[in-house]
There are 2 protein chains.
Amino acid sequence: MLNTRARVSKATVRRIPLYYRAVQQLQQQGVKRIRSERLSEIIHIPSATIRRDFSSFGELGKSGYGYSVDTLVDEFGKLLEVQDAENILLVGCGGLGAALIENNFRRNPDLNITMAFDIDSAKIGTEIGGVPVYDFRELAMRVTPDIKTAIIAVPSSAQPQVIPALEGIGIDAILTFAPQPVVCLPTTTIRYIDLTSELQSLLFTAHHQQLAE
Amino acid sequence: MLNTRARVSKATVRRIPLYYRAVQQLQQQGVKRIRSERLSEIIHIPSATIRRDFSSFGELGKSGYGYSVDTLVDEFGKLLEVQDAENILLVGCGGLGAALIENNFRRNPDLNITMAFDIDSAKIGTEIGGVPVYDFRELAMRVTPDIKTAIIAVPSSAQPQVIPALEGIGIDAILTFAPQPVVCLPTTTIRYIDLTSELQSLLFTAHHQQLAE
DNA sequence: AAATGTTTGTTAATCCATTCACATAGTAGC
DNA sequence: GCTACTATGTGAATGGATTAACAAACATTT
Ligand SMILES: NC(=O)c1ccc[n+]([C@@H]2O[C@H](COP(=O)([O-])OP(=O)(O)OC[C@H]3O[C@@H](n4cnc5c(N)ncnc54)[C@H](O)[C@@H]3O)[C@@H](O)[C@H]2O)c1
Ligand SMILES: NC(=O)c1ccc[n+]([C@@H]2O[C@H](COP(=O)([O-])OP(=O)(O)OC[C@H]3O[C@@H](n4cnc5c(N)ncnc54)[C@H](O)[C@@H]3O)[C@@H](O)[C@H]2O)c1
């Protein structure tokens, strides 16, 4: 079972999806068996890191053999709970929000944006890629109790009003593209994706530290 | 000068844009002076980390006083080279690519997407938010020599062809949304933004480790 | 200009993650 | 079954980043 109550490090958690995607691809290619050394070449993560990460979920491999691809797909699938669908709401149907809805994590059938909200009356009542857009003021009325996850794509200035409203209806996981940091409940897990900062720090690295080893 | 050749850590580099944004906002609010303790409350980074980061760019502050906001805006602006515009090309004008072009880092006048490329004939020859969309096969012909930076928003499957083409015309900094890892030249700085992985690892954290301290 | 209070910059301590390296446990071939 | 390989899982070593804590430096007040 995967309940080895060994603590899973934050760095490991960020890599689980990469492992899952890679072993899924291998499985689709009909590969039955994989060594950490070979996997390392595919995903560009050192083999020692892979083995340590894997070992924090139990003894998934066999000495002298490697890992069974099917076992890995199974175990990481369980970790990511891909068997039961995660229903997600999205707030802010601008350029970015609409793109996310259109795509709707198509490659991952367990991730579903099922409804969206905006305050722009031109957007309210429409559908984007089959997903209905509701008035954000009707949030409490429209949301179904199975939704615990939200994606925010509103301007930074609107974020301080949006987050408490989401927490008020029971959302406890938030992915946001608005970089404005916000205080949220201790039970809320929030992650910021700050596109401008990513680009700026990339450029800093490229310009200042072109000492590629 | 800011050429204290003290090594700047990777973690610090990722925070420079956050510092720059925060001190810019303070400046706009007319704030002249800021202490690390106060800045910590604003951007949710411990004050000790802030002071250590700042000190890697020289002695920016004064004991018993704090930091001059104007000085900080100046110094971080120089670090991020905001005085001269960074011209950027974008490949893949799908939902995400179009959203990025429309927005065009509006808040940062030094970051400009100046041209875009696609292989879809329905898009080639059009404009998105004033930015022309060219045929990707005309990349070498269309690109101007001032462009050293690219954003990639093509499907993962197309990425292995796109990156060598970009490197061929002198691009050395790449921000990509296609998670497929690629080998690139040692002189290329590449950063991946993997939206699906971000969401999946967020959900893992929310579901498995709701031991919010 | 002396006394008091404040906040930096940095040294030392700690924490977290990566990497090395190998004993152990298994595979594969005969 | 025995021998020769092979690759895992993990202690131990290293490296990187954060945090604590405080002497030194400056501001401010009187
Ligand atoms: N698109 C980019 O390239 C880019 C780059 C960097 C950062 N971002 C950030 O991503 C976020 C979204 O970007 P975008 O380009 O889609 O912006 P956008 O302006 O196109 O869309 C924002 C949408 O949010 C809606 N909105 C505003 N206030 C709202 C509220 N209180 N409740 C519900 N909806 C509300 C607006 O009506 C609009 O439809 C912003 O925070 C932006 O700073 C985007
Ligand atoms: N939008 C999302 O929510 C989302 C989520 C997760 C990951 N992603 C990733 O972001 C990337 C872009 O996503 P999207 O939703 O905009 O995809 P999209 O399919 O809407 O757009 C892709 C665009 O790239 C163009 N293209 C394809 N091959 C090309 C080539 N060789 N050269 C130039 N252009 C080419 C296509 O014509 C299309 O316009 C993809 O890699 C996707 O996996 C997006």
Side-chain angles (χ1 to χ4, degrees), chain A residues 1-2 4-16 18-19 22-23 26 31-72 75-76 181 201 204-205 209 211 213, chain B residues 2 4-16 18-19 22-23 26 31-72 75-76 201 204-205 209 211 213:
Chain A
M1 186 42 198
L2 44 125
T4 324
R5 267 289 149 251
R7 156 142 182 68
V8 181
S9 87
K10 265 174 185 280
T12 300
V13 169
R14 283 198 306 271
R15 286 187 292 262
I16 296 173
L18 306 182
Y19 295 138
V23 296
L26 288 169
V31 177
K32 287 289 172 209
R33 165 185 172 175
I34 187 83
R35 292 172 292 123
S36 63
E37 202 60 57
R38 177 81 192 92
L39 189 54
S40 168
E41 292 164 15
I42 297 173
I43 56 179
H44 299 149
I45 292 172
S47 62
T49 302
I50 293 173
R51 289 198 302 281
R52 185 165 296 280
D53 282 349
F54 283 16
S55 76
S56 63
F57 302 113
E59 310 218 339
L60 305 182
K62 281 193 281 189
S63 299
Y65 176 87
Y67 301 88
S68 148
V69 170
D70 290 344
T71 305
L72 292 179
E75 288 295 331
F76 285 113
S201 69
F204 181 90
T205 302
Q209 339 202 297
L211 333 146
E213 34 50 84
Chain B
L2 45 124
T4 325
R5 267 289 149 249
R7 154 141 184 69
V8 181
S9 87
K10 267 174 184 281
T12 301
V13 169
R14 283 199 306 274
R15 285 188 292 263
I16 297 173
L18 306 181
Y19 295 138
V23 297
L26 288 169
V31 177
K32 287 289 172 208
R33 166 185 172 176
I34 187 81
R35 292 172 292 123
S36 63
E37 202 60 58
R38 177 81 192 91
L39 189 54
S40 167
E41 291 164 14
I42 297 173
I43 55 179
H44 300 150
I45 292 172
S47 61
T49 301
I50 293 174
R51 290 198 301 281
R52 179 166 298 284
D53 283 349
F54 283 16
S55 76
S56 63
F57 302 113
E59 310 220 339
L60 305 182
K62 279 193 283 189
S63 299
Y65 177 88
Y67 301 88
S68 149
V69 171
D70 291 342
T71 304
L72 292 179
E75 288 294 332
F76 285 112
S201 69
F204 181 90
T205 302
Q209 341 203 295
L211 332 146
E213 33 53 84

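Keep in mind that what you see is a predicted model, and the values were worked out from it rather than measured. Residue numbers start from 1 in every chain, and the chains themselves are labelled A, B, ... in the order their sequence lines are given, proteins ahead of strands.
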Base D:dT19 paired with B:Arg52 side chain (donor-acceptor, <3.5 Å):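 Yes, the side chain and the base share a sub-3.5 Å donor-acceptor pair.
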
Residue whose closest nucleotide on DNA chain C lies nearer the 5' end, B:Arg35 versus A:Thr49: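 Nearest-nucleotide comparison on DNA chain C picks B:Arg35.
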
5' precedence on DNA chain C between B:Phe54 and A:Asp53 (nearest-nucleotide basis):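 Here B:Phe54 is the residue nearer the 5' end.
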
Distance, rounded to the nearest Å, where [X] contributes [atom1] and [N] contributes [atom2]:
| X | N | atom1 | atom2 | value |
| --- | --- | --- | --- | --- |
| B:Lys62 | D:dC26 | NZ | P | 9 Å |
| B:Arg14 | D:dG16 | CZ | C1' | 11 Å |
| A:Leu39 | D:dA7 | CG | C1' | 13 Å |
| A:Ile34 | D:dA7 | CD1 | C1' | 13 Å |
| A:Glu37 | C:dT19 | CD | C1' | 13 Å |
| B:Glu59 | C:dT10 | CD | P | 5 Å |
| A:Ile50 | D:dT8 | CD1 | P | 9 Å |
| B:Arg15 | D:dT18 | CZ | P | 4 Å |

side-chain N/O A:Tyr67 vs D:dG9 OP1/OP2, d < 4.0 Å: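 Yes.
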
C:dT8 OP1/OP2 closer than 4.0 Å to side-chain N/O of B:Ser36: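 Result: yes.
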
Sole residue of A:Arg35, A:Arg38, A:Glu37 in side chain to side chain donor-acceptor pair (under 3.5 Å) with A:Ser47: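 Result for side chain to side chain donor-acceptor pair (under 3.5 Å) with A:Ser47: A:Glu37.
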
Sugar-phosphate, base or nothing in reach of B:Arg33, heavy atoms under 4.0 Å: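 Sugar-phosphate, no base atom in range.
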
Among D:dG9, D:dA21, D:dT19, the nucleotide that comes nearest once only the side chain of B:Arg51 is considered: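 In terms of side-chain proximity for B:Arg51, the closest of D:dG9, D:dA21, D:dT19 is D:dA21.
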
B:Ser63, nearest nucleotide to its side chain (from C:dA17, C:dG26, D:dC26):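 Nearest to the side-chain atoms of B:Ser63, counting from C-beta on, is D:dC26.
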
B:Gly66 backbone acceptor or donor facing B:Arg33 side chain under 3.5 Å: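 Not confirmed, B:Arg33 side chain does not pair with B:Gly66 backbone.
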
Distance in Å, B:Leu39 CG paired with B:Tyr67 OH, rounded so as to fall on 0.5 Å steps: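 So the CG of B:Leu39 and the OH of B:Tyr67 are separated by 9.0 Å.
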
Rounded distance [0.5 Å steps], CG in B:Asp70 versus CD in B:Glu75: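 One finds 12.0 Å between CG of B:Asp70 and CD of B:Glu75.
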
Where B:Ile50 and B:Ile45 come nearest, the two heavy atoms and their spacing: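 So the minimum-distance heavy-atom pair works out to CD1-O, 3.5 Å.
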
